[in-house]
Amino acid sequence: MYLAIKEILHNKLRYSLVLVTIFLISFMVYFMTSLAIGLVRDNRTAVDNWDSTRVTLSKYSNKNLTASFITENKYKDKLSDDAVTLGYMFAVTNKKNDNTTVNASIFAQNWNSFIAPKLIKGHYPRTKNEVVIDQSMKNYNIGIGDHIQLNGSTDEYKVVGLTNNSKFFTIPVIYTDLSTYWKLQHTETTTKTISAIVQKNNVNISGKGLVTVTAQDMISNIPGYTPEVNVFMGMIIALVVITCLVVGIFIYIIVIQKLGLYGIMRAQGIQAKTIIWSLFCQIFVLSGMGVLLALVGVWAVKFVLPSTLFFYPSWQAYSLLSLAIIIMALLGGLFSLPKILKIDPIEAIGD
């Protein structure tokens, strides 16, 4: 290790190129991971908050909550404290006397059900035309006490409560009661449709035209969710593998340039395993420093990113990725092993 560090300090410019390369790749890996996790979370946090075991949807919806409609005659005799109704619809909202519109998801439920959102401020609606919103709506200057309008209607809804981490389909959720939902759907005097029956404690519901799935299965069928996750995972894996190739190429070039030095070391009786150990110590030190600098960089960058960006730091994911990057960097050093093992002191010195 002493020999490795001494050589790095002696050839600062040469090894700084390797360090900067590892830093840039690592930073990109962490940044892409944060975006991927942020996107995944913003697609599902409102559903995760239910802490449910199963969700019953209409059979033709293809396990997609956004396409599910269940009429009253199919759900009214299946409800209990552990099986509750949920209404979902996409909405566009705006603050009263403000033409700026915001996309939102509507979740409708009974306020005493287990899927009612946990409040961080304010209170649950006590009268009609009161709603609870996700606190991220503050990015659009909407908060407690404000009046909002939905889908271009002149009806006003007062915000009386805030909840946290409640997004679906990457947009904030507005929570209403079922009567408001049916009014928005224009079904309050007809079918009184809902979107799902959410269950816990392993309650199992079945019926004609219904299908029961796990919450995770329903989330996986959110349009675009799985392809988005797969794209980000593919990019992250590719970047980690590129680390192996780039470090391998850099180290191989450095080894080629130092063959004469290695030949002298072998002629002095220094064993090949000592040279190899020094090489891998150099890779470990450089990759460790590059990873550490990248972690500092990704921690700092979150303070300058806009709050609306899908960015969620996960130190658990960073830890696993850091280990993977260091291992891949060490594997890159294997490219140079044959060259070191085949060093002939006389030929190396002669060259």
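In this chain, residues are counted from 1 in sequence order.
- The shortest distance between side-chain heavy atoms of Ser322 and Trp315 does not fall below 4.5 Å.
- Here the CG-OG1 distance, from Asn73 to Thr193, works out to 11.0 Å after rounding to the nearest 0.5 Å.
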>> Working note: Ser166 + Tyr175, criterion side-chain hydrogen bond (donor to acceptor under 3.5 Å, both in side chains); need CA distance, chi angles, decisive distance, verdict.
In response: CA-CA 10 Å; Ser166 292; Tyr175 292 91; 3.3 Å; yes
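- Residues Ser80 and Asp82 bring no donor and acceptor atom of their side chains to less than 3.5 Å of each other.
- One finds no salt bridge joining Asp146 and Lys158 here, because no Lys/Arg side-chain nitrogen approaches an Asp/Glu carboxylate oxygen to under 4.0 Å.
- The closest side-chain donor-acceptor pair between Ser220 and Thr226, if any, does not fall under 3.5 angstrom.
- Note on Leu305 and Val40: separate hydrophobic clusters, where clusters join Ile, Leu, Val, Met, Phe, Trp and Tyr whose side-chain heavy atoms are under 4.5 Å apart, directly or indirectly.
- Note: Leu35 CG to Leu309 CG = 5.5 Å, rounded to the nearest 0.5 Å.
- A donor-acceptor contact closer than 3.5 angstrom links the side chains of Ser34 and Tyr318.
- Remark: Ile197 CD1 to Ser52 OG distance equals 12.5 Å, nearest 0.5 Å.
- Looking at Thr180, its side chain never comes within 3.5 Å of a backbone N or O of Thr176 through a donor-acceptor pair.
- The aromatic ring centroids of Phe107 and Tyr181 lie 6.0 Å or more from each other.
- Of the N and O atoms on the side chains of Ser136 and Asp134, at least one donor lies less than 3.5 Å from an acceptor on the other residue.
- Taken from CH2 in Trp111 to NE2 in His123, the straight-line distance is 11.0 Å, to the nearest 0.5 Å.
- A distance of 8.0 Å separates CD1 of Ile219 from CZ of Phe168, quoted to the nearest 0.5 Å.
- Rounding to the nearest 0.5 angstrom, the gap separating the NZ atom in Lys208 from the NZ atom in Lys59 is 10.0 Å.
- Side-chain contact check for Thr56 and Thr212: at least one donor-acceptor pair (N or O, by modelled atom type) lies under 3.5 Å.
- Closest non-hydrogen pair, Asn110 versus Thr85, comes out as ND2-OG1, 4.2 Å.
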